[in-house]
2 protein chains.
Amino acid sequence: MATLKEVAKHAGVSITTVSRVMNDSSKVNPETLQRVRRAMQELGYQPNRVAQRLRTTSGQSKLLGLIIPDIQNQFYSSIVRGIEDVAYDKNYAVILCNSDEDPGKEKFYLDVLQSESVDGIILPPIHQHGKVVKELIKSGMPVVCVDRKLSRERVDTVVINNEKGGYMAVEHLLSLGHRRIAILTSSPQFSSFEERQRGYEQALRDHGLEIDEKLIREGDPRSSEHARQLANELLELERAPSAIFATNNLMTLGLLEAVNENGLQIPDDISVIGFDDMPWARAVTPPLTVIRQPGYEMGRRAAELMFQRIADPRREQVQIMMEPGIVLRESTSRWVK
Amino acid sequence: MATLKEVAKHAGVSITTVSRVMNDSSKVNPETLQRVRRAMQELGYQPNRVAQRLRTTSGQSKLLGLIIPDIQNQFYSSIVRGIEDVAYDKNYAVILCNSDEDPGKEKFYLDVLQSESVDGIILPPIHQHGKVVKELIKSGMPVVCVDRKLSRERVDTVVINNEKGGYMAVEHLLSLGHRRIAILTSSPQFSSFEERQRGYEQALRDHGLEIDEKLIREGDPRSSEHARQLANELLELERAPSAIFATNNLMTLGLLEAVNENGLQIPDDISVIGFDDMPWARAVTPPLTVIRQPGYEMGRRAAELMFQRIADPRREQVQIMMEPGIVLRESTSRWVK
DNA sequence: CGAATTAATGAAAACGTTTTCAAAATGTCA
DNA sequence: TGACATTTTGAAAACGTTTTCATTAATTCG
């Protein structure tokens with residue numbers, strides 16, 4: 001690859017001038033500008049991003065870091081895609097990291113990304129109280145949280161109203177006459193699941209029902225297999241639920257399998273409501289009622305926030321809370337027993 | 001972040017010595033080694049990858065480039081995850097790029113990745129005859145093709161036997177008595193689709209059936225929506241097919257929707273076989289018969305090939321062809337009319 | 001017309017590493 | 001003991017940029 005030096009030689013100017021042409025061409029004579037531009041053309045010059053990044057202090061590295069639990073979770077693929085599209089428009093590239101919800105890996109990648117001098121890091125924090133990320137922010141690295149919050153920390157954040165999402169799901173089931181409603185959720189260390197569960201409980205309480213701990217199951221959010229087991233336990237309860245709310249797309253999948261295994265019919269024997277409107281949700285039979293969250297759009301907003309912060313490191317932090325929607329399909333129906 | 005210089009000062013040695021401790025500690029006195037190690041500990045030293053990459057010629061940048069059509073296609077998420085897992089073990093990070101099957105974007109990202117001095121690039125080429133990628137290989141950049149081949153080029157490649165996959169799908173349908181079998185495929189510019197279609201045609205010919213062009217529909221492989229339209233056209237044919245073979249997971253989804261829309265029952269009214277065994281394939285009703293390809297494993301193998309090539313740039317290129325499998329479920333059944 | 005701006009350019013330092021080369025200290029051997 | 005090999009260390013160059021500072025040429029102004 002051609003370097004500044006070669007271009008300079010080819011155009012008969014100093015590298016300083018060539019550099020100026022790249023950055024602030026206002027300060028260079030139109031004629032030399034011409035000449036340099038041509039030389040760049042002829043040599044097919046591409047600036048070396050590594051050298052650029054080494055030289056410039058910050059905010060010009062053209063690289064973003066992104067740490068997600070698992071790219072195989074389609075919800076995160078959507079977020080990633082949203083981020084990547086915005087980054088592409090800004091001529092940025094994205095380093096993708098999978099943490100597997102493992103704080104060790106999260107820390108590892110955080111270090112890598114810092115040592116890569118990325119301009120900023122976007123992530124759903126594994127622990128809403130985790131101090132590694134908080135320290136990172138203190139150190140001045142631009143950080144945007146997406147999907148999950150970081151508690152008690154001033155940081156740009158894009159989430160949906162998870163509590164409302166949980167509330168909507170349960171309220172819908174209640175309105176159909178269900179009274180024993182189970183939830184497949186996950187550890188409260190994740191702000192999203194904690195909030196969805198809170199919505200679930202609030203809806204029950206608001207309708208004068210009490211919380212039955214037996215109907216609340218916490219699973220590994222990455223594993224539909226684990227969800228399947230938990231769902232099986234629920235279905236085998238002596239007083240089994242008439243409806244189950246699964247709080248993310250993988251758990252929904254596990255739930256669906258468990259229902260199939262037990263030979264139950266949706267929605268006649270049991271109603272099912274999921275979280276995340278995945279492409280397959282309307283291809284399954286019966287099509288699934290779900291709480292929808294706009295993953296792609298969340299990714300876009302997060303990236304936009306990031307670029308705003310890079311442009312102005314001291315601007316006030318903002319919290320964007322997007323609205324969940326409920327998509328009524330056929331996996332939920334009236335309960336009369 | 002602490003630098004070599006600071007560590008050197010703190011340990012009372014030169015930066016050369018510290019650098020040696022990092023790389024080839026054999027050549028440094030055990031006592032100084034101790035001292036330097038401690039200094040690194042105390043300052044929490046992390047080498048600056050950017051500086052490392054700028055300095056070292058090649059093969060040490062600890063960065064891999066990855067260009068895929070779209071991370072939202074779950075098949076590619078699996079590949080990406082396989083690659084990332086291997087990279088993680090080697091202390092490598094991955095830059096992820098989405099090309100949208102757009103040669104312009106592919107070219108753009110290829111340039112970016114070169115200018116980032118990545119150690120190698122893994123991708124399914126958009127055009128099996130495309131010259132951009134071929135030139136890249138000529139230039140000495142380590143390249144591994146995954147999922148799709150680059151025709152007439154000596155390059156490390158990991159694919160499945162797509163022709164066999166197509167053949168298996170159709171043979172299965174034939175064995176069930178189907179005679180009018182349609183295929184939802186895509187442009188032959190993609191080696192994978194061209195081969196799957198070839199397998200489809202071969203199977204028909206081997207059973208003395210002739211190819212009916214009306215039953216072959218080429219769609220945009222990224223769009224289940226487009227596949228849905230094409231599937232609708234097929235279903236509305238005066239002599240409609242009794243079975244449809246969809247050659248990737250997104251097209252399968254579109255096909256499923258079209259069947260639903262037309263009020264047809266799978267497999268009684270029509271048999272459906274898909275490509276790619278996605279997590280939802282066994283959660284849908286009825287569970288889907290599919291040709292399975294091991295995406296995650298393909299990603300791993302591709303990454304392994306890449307690291308072998310980085311270690312030894314002149315080793316002979318290898319082509320890995322993995323075996324597709326058929327997963328019999330309930331979306332295909334005997335046809336007797 | 002001479003002084004003072006302004007415009008256009010380049011030399012050199014810096015970013016944080018690795019690597020080459022040389023120097024100093026130590027050990028070995030006849 | 002002296003020549004030579006080995007071990008241990010550091011100074012300085014290099015990677016490809018950006019940026020500071022200085023220099024020269026051209027322009028403006030009183």
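Everything quoted here is computed from the prediction, not taken from an experiment. Throughout, protein chains are lettered first and strands after them, A, B, ... in sequence-line order, and every chain is numbered starting at 1.
Following rounding to the nearest Å, B:L43 (CG) and C:dG16 (P) show an atom-to-atom distance of 14 Å. We find that CZ of B:R49 is positioned 13 Å from P of C:dT17, with the value rounded to whole Å. Regarding A:R53, its CZ atom lies at a distance of 13 Å from the C1' atom of C:dC15, rounded to whole Å. For B:Q52 and C:dT17, the CD to P distance is 7 Å, given to the nearest whole Å. Between the CG atom of A:L4 and the P atom of D:dG16 there is a distance of 10 Å, given to the nearest Å. When the C1' atom of C:dC15 is taken as reference, atom NZ of B:K5 falls 10 Å away, rounded to whole Å. Distance A:M22 CE to D:dT17 P: 8 Å, rounded to the nearest Å. Atom P of nucleotide D:dT17 and atom CE of A:M40 are separated by 11 Å, given to the nearest angstrom.
Of the residues A:V21, A:I15, A:N23, A:T16, the one that meets the side chain to side chain contact (heavy atoms under 4.5 Å, CB included) test with A:S19 is A:N23.
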Let me have a per-nucleotide readout for nucleotides 9-14 of chain C, 5' to 3', with B, S or -, counting only protein heavy atoms under 4.0 Å.
BBBBBB
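In this structure, the ring-ring contact (aromatic ring centres under 6.0 Å, His included) partners of B:Y88, at least two apart in sequence or on a different chain, are A:F108, A:Y109. A search for salt bridge (Lys or Arg N to Asp or Glu O under 4.0 Å) contacts involving A:K5 returns nothing, not counting sequence neighbours. Legend: residues meeting side chain to side chain donor-acceptor pair (under 3.5 Å) with A:S77, ordered by chain and number and at least two apart, are absent.
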Restricting to nitrogen or oxygen on both sides, can you table the protein-nucleotides 23-25 of chain D pairs closer than 3.5 Å?
none

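Side-chain contact between B:E116 and A:R53: present, with at least one pair of heavy atoms (C-beta onward) separated by less than 4.5 Å.
Of the side-chain N and O atoms in B:Y45, one or more sit less than 4.0 angstrom from OP1 or OP2 of C:dT17.
DNA chain D is contacted by no residue of residues 107-120 of chain B, taking any non-hydrogen atom closer than 4.0 Å.
B:S19 comes within 4.0 angstrom of a base, heavy atoms only.
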